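On a predicted model such as this, the values are computed, not experimentally measured, just so you know.
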Amino acid sequence: MSDGHQCWSADQTAYLRNLDPADRTAWAVLYQSAPVRTESGSTSYSLNFPVLIVSAYANKPEAIARRVVDILNKHWDEEPTQ
């Protein structure tokens with residue numbers, strides 16, 4: 001059921017570690033596993049959650065998050081080599 005599904009995405013997320021209200025959002029790399037068809041015929045969707053917060057200290061946080069997402073989606077299903 002994973003045809004066309006990409007596990008990785010980039011979006012803004014709440015980041016409450018910073019106390020300045022202007023800095024309470026950050027770009028994140030998010031993960032969501034592919035939907036799964038259950039025995040009853042319904043579809044089960046997993047939660048979408050951040051696995052990497054891109055620091056506001058980065059020169060271009062959105063560009064970095066999107067680049068990481070592109071790399072992960074391109075190589076995610078490959079078998080690791082040693």
*Partners meeting side chain to side chain contact (heavy atoms under 4.5 Å, CB included) with Asn73 (sequence neighbours left out)*: Gln6, Trp8, Val69

*With sequence neighbours excluded, what pairs up with Ile53 under the side chain to side chain contact (heavy atoms under 4.5 Å, CB included) test?*
Thr13, Tyr15, Ala26, Ala28, Pro50

*By side chain to side chain contact (heavy atoms under 4.5 Å, CB included) - contacts of Ser55 (at least two apart)*: Tyr57

*Minimum heavy-atom distance between Tyr31 and Val51, given as atom pair plus value*: CB-CG1, 4.0 Å

*Heavy-atom pair of closest approach, residues Trp27 and Pro61*: CB-O, 3.9 Å

_Return the CD to SG distance between Gln32 and Cys7, rounded to the nearest 0.5 Å._
8.5 Å

*Could you pull out the closest heavy-atom pair between Val29 and Ala65, with the gap in Å?*
CG2-O, 3.9 Å

*What's the spacing between Asp11 CG and Leu30 CG if we round to 0.5 Å?*
6.0 Å

*Search all heavy atoms of Phe49 against all heavy atoms of Leu47 and return the closest pair with its distance.*
CD2-O, 3.7 Å

*At what distance, to the nearest 0.5 angstrom, does CZ of Arg37 lie from OG of Ser42?*
8.0 Å

*Is the side chain of Ser46 donor-acceptor paired with the backbone N or O of Ser33 at a distance under 3.5 Å, no angle test?*
yes

*Does Ile71 belong to the same Ile/Leu/Val/Met/Phe/Trp/Tyr cluster as Trp76, with side-chain heavy atoms less than 4.5 Å apart forming each link?*
no

*Contact check, side chains of His5 and Pro35, non-hydrogen atoms, under 4.5 Å*: yes

